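Note: hydrogens, waters and symmetry copies are ignored here, and every other heavy atom, side chains too, is used. No experiment lies behind these values; they were computed from the predicted model shown.
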Amino acid sequence: MSKKATAIVGYIGIIGFLIAYLAGDKEGAKFDLNQGLVLSIAAIFSAILSRVPYVGFIFYIVNLVVFVFAIVGIINAAQDKETPLPLIGGIQLLK
């Protein structure tokens, strides 16, 4: 996959991240792969916590925010911009 395709697919959940990481241009899209991984972890975490009674509603809102961040990331990747996402852009998981 090209750098742009790898970057876009990396934002589409954990399966999209794995496909992009294993079959794509890892070095060219490292920034977007890192942000996609952080978003995927945040989505899994908030999906689990949204099942907790009384506080679950807050994590439904967090799920919505993660979805919006994924759309913003896909738009930035399609335009070849390396703009960090709000709140999570500074987290570095991939070296």
Side-chain angles (χ1 to χ4, degrees):
M1 273 192 278
S2 69
K3 175 191 176 293
K4 186 183 284 191
T6 302
I8 291 171
V9 172
Y11 283 104
I12 305 174
I14 193 72
I15 294 176
F17 168 79
L18 289 173
I19 291 170
Y21 188 77
L22 296 174
D25 179 16
K26 286 182 262 196
E27 291 304 315
K30 185 184 290 186
F31 176 81
D32 293 302
L33 286 175
N34 182 63
Q35 291 200 126
L37 177 61
V38 172
L39 274 177
S40 296
I41 291 170
I44 292 169
F45 180 72
S46 66
I48 292 170
L49 290 178
S50 68
R51 305 290 183 229
V52 175
Y54 304 112
V55 295
F57 178 72
I58 295 168
F59 290 100
Y60 281 121
I61 295 170
V62 171
N63 276 331
L64 180 63
V65 170
V66 167
F67 178 71
V68 170
F69 283 175
I71 291 173
V72 170
I74 290 170
I75 291 169
N76 286 337
Q79 296 175 352
D80 282 332
K81 292 181 185 176
E82 288 191 358
T83 307
L85 294 174
L87 303 174
I88 63 161
I91 300 172
Q92 180 88 20
L93 296 179
L94 295 176
K95 302 284 179 196

Who pairs with Lys4 by salt bridge (Lys or Arg N to Asp or Glu O under 4.0 Å), at least two apart in sequence or on another chain? none
Using a 3.5 Å distance criterion without hydrogens, assess whether the side chain of Glu82 forms a donor-acceptor pair with backbone atoms of Pro84. no
Residue list, side chain to side chain contact (heavy atoms under 4.5 Å, CB included) with Ile41, at least two apart or on another chain: Leu37, Leu93
With a 4.5 Å cut-off on side-chain heavy atoms, are Leu33 and Thr6 touching? yes
Single-linkage hydrophobic cluster Val52~Val62, side-chain heavy atoms < 4.5 angstrom: yes
Please collect all salt bridge (Lys or Arg N to Asp or Glu O under 4.0 Å) contacts where either partner lies in residues 29-49, sequence neighbours excluded, each pair once. Glu27-Lys30
Sorted by chain and residue number, the side chain to side chain contact (heavy atoms under 4.5 Å, CB included) partners of Ala78 (sequence neighbours excluded) come out as Ile8
Pairwise side chain to side chain donor-acceptor pair (under 3.5 Å) hits with a residue in residues 35-44, at least two apart: Tyr11-Gln35
Could you give all pairs that pass the ring pair (Phe, Tyr, Trp, His ring centres under 6.0 Å) test and reach residues 14-41, with sequence neighbours left out? Phe17-Tyr21
Quick test of your reading: applying ring pair (Phe, Tyr, Trp, His ring centres under 6.0 Å), list the pairs with at least one residue in residues 44-65, sequence neighbours left out, ordered by first then second residue. none
Treat each ILVMFWY residue as a node, draw an edge where side-chain heavy atoms are under 4.5 Å apart, and state whether Val66 and Leu18 are in one component. yes
side-chain hydrogen bond (donor to acceptor under 3.5 Å, both in side chains) involving Gln79 - partner list, sequence neighbours excluded: Lys81
Kindly write out the residues that satisfy side-chain hydrogen bond (donor to acceptor under 3.5 Å, both in side chains) with Lys26, not counting sequence neighbours, or none if the list is empty. none
Check side chain to side chain contact (heavy atoms under 4.5 Å, CB included) between Ile58 and all other residues, then give those that pass, not counting sequence neighbours. none
Taking only residues two or more places apart in sequence, or in another chain, which ones meet Asp25 in a side-chain hydrogen bond (donor to acceptor under 3.5 Å, both in side chains)? none
Look at atom CD1 of Ile15 and say whether more than 12 heavy atoms of other residues, nucleotides or ligands are closer to it than 6.0 Å. no
Considering residues at least two apart in sequence or located in another chain, which fulfil the side chain to side chain contact (heavy atoms under 4.5 Å, CB included) criterion with Ile48? Ile44
Do Leu64 and Ile88 land in one hydrophobic cluster if side-chain heavy atoms of ILVMFWY residues count as linked below 4.5 Å? no
